[in-house]
Amino acid sequence: GGAGKTPESPCAECRGSGRTPGTRTHAVEIPAGIESGQRLRVSGAGHAGEAGALAGDLYVEVEVGEDERFQRDGTDLISVVSIPATEAMLGTTVTVPTLDEEREIEIAAGTQPGHEEVLRGAGLPRLGARRRGNQRVILNVIVPTNLSEEQREIAERLDGQLEEDNLSPRQGEGIFSRVRRAFG
């Protein structure tokens, strides 16, 4: 495997190859909005080339960690906010975490389980662009359990006073189809 020349005093470390094994650490700038599986190239940071040749490139494959607050859908973020059934019936204001800060959103009276609110521009940045995706907030309406006798009586009185026009969610669309629509 020689080069046709014999070194007068061969190096004990590289044994005349001109290269020594070792490791180096490189700082790599990760752009905002990158997805798992995408690769970044660091020129000249790879394996040493043959004598007189340039070093190769280092490729870094990115693995994006999970965030318990959000589910990612491209550049859109999806979050779920749970509210009691009474607040869904009467309307309320809820605080929603975003990437930048917490934001308040108004929930209209009569909001159904699985309803989706969209926070425009509150998602992830698009690679190489200034625009950002959206954050989609899905409402999880919690039905109370373990009612006291008084609470049960109040619920029964309300149930007795509800009419057909109080009970008509979006025609033909149940909670599962709304959740499927939200997750694409």
Side-chain angles (χ1 to χ4, degrees), residues 1-83 92-107 111 113-142 175-184:
K5 299 178 184 176
T6 306
E8 290 182 23
S9 55
C11 170
E13 200 171 326
C14 74
R15 289 177 250 196
S17 71
R19 302 181 291 194
T20 57
T23 59
R24 292 181 288 176
T25 302
H26 292 276
V28 178
E29 186 172 326
I30 307 294
I34 196 165
E35 294 189 49
S36 288
Q38 290 184 307
R39 297 186 330 162
L40 300 172
R41 181 172 61 105
V42 182
S43 296
H47 195 277
E50 293 296 323
L54 297 174
D57 296 336
L58 169 67
Y59 287 90
V60 178
E61 187 168 328
V62 175
E63 180 73 29
V64 178
E66 297 290 322
D67 187 320
E68 63 186 33
R69 303 171 300 166
F70 309 109
Q71 179 77 32
R72 183 174 183 165
D73 182 19
T75 57
D76 286 353
L77 294 175
I78 300 170
S79 58
V80 177
V81 174
S82 296
I83 61 172
T92 188
T93 300
V94 295
T95 303
V96 178
T98 68
L99 288 177
D100 301 321
E101 61 189 357
E102 290 188 338
R103 288 177 50 181
E104 289 188 347
I105 57 174
E106 295 289 325
I107 306 300
T111 296
H115 174 78
E116 181 179 300
E117 291 284 330
V118 178
L119 304 176
R120 302 259 177 240
L124 294 169
R126 299 185 197 308
L127 283 178
R130 292 179 183 233
R131 293 185 30 219
R132 290 174 62 167
N134 300 321
Q135 181 173 341
R136 299 176 353 226
V137 180
I138 299 174
L139 295 179
N140 178 31
V141 178
I142 300 171
I175 186 169
F176 293 114
S177 59
R178 286 194 297 266
V179 171
R180 270 195 302 273
R181 182 172 39 87
F183 284 100

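Because the structure is a prediction, the values reported are computed rather than measured.
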(message) For the CD1 atom of I83 and the CG atom of L139, what is their distance to the nearest 0.5 Å?
(response) 5.0 Å

(request) Would you please test E117 and T111 for side chain to side chain contact (heavy atoms under 4.5 Å, CB included) and show each step? (result) CA-CA 11 Å; E117 291 284 330; T111 296; 6.0 Å; no

(message) With rounding to the nearest 0.5 angstrom, report the NE2 to CD1 distance, H115 to I138.
(response) 10.5 Å

(request) Only counting residues at least two apart or in another chain, list the ones meeting side chain to side chain contact (heavy atoms under 4.5 Å, CB included) with E68. (result) none

(request) List for me each residue that meets side chain to side chain contact (heavy atoms under 4.5 Å, CB included) alongside E101, sequence neighbours excluded, and say none if there are none. (result) T98, R103

(request) Measure the spacing between CG of L99 and CG of L124 and express it to the nearest 0.5 Å. (result) 5.5 Å

(request) Just jot down the side chain to side chain donor-acceptor pair (under 3.5 Å) partners of N134, sequence neighbours excluded, or say none. (result) none

(message) Could you check whether any side-chain heavy atom of L40 comes within less than 4.5 Å of a side-chain heavy atom of V42, counting everything from C-beta outward?
(response) no

(request) Spell out, as yes or no, whether a donor-acceptor pair under 3.5 Å connects the side chain of Q135 to the backbone of P97. (result) yes

(message) Looking at every heavy atom in both A55 and G44, which two are closest together, and how far apart are they?
(response) CB-O, 3.7 Å

(request) Quick one: closest heavy-atom pair of V137 and L119, and the distance? (result) CG2-CD1, 4.1 Å

(message) I'd like to check the side chain to side chain donor-acceptor pair (under 3.5 Å) partners of T75; sequence neighbours left out, ordered by chain and number.
(response) R126

(message) Tell me whether the count of non-hydrogen atoms from other residues, nucleotides or ligands lying under 6.0 Å of CD1 in I142 goes above 12.
(response) yes

(request) Mind jotting down which residue pairs meet the side-chain hydrogen bond (donor to acceptor under 3.5 Å, both in side chains) criterion with at least one end in residues 57-66? Sequence neighbours excluded, please. (result) R41-D57

Please output the side-chain donor-acceptor pairs of residues 22-29 that fall under 3.5 Å, not counting sequence neighbours, one pair per line with the distance.
none

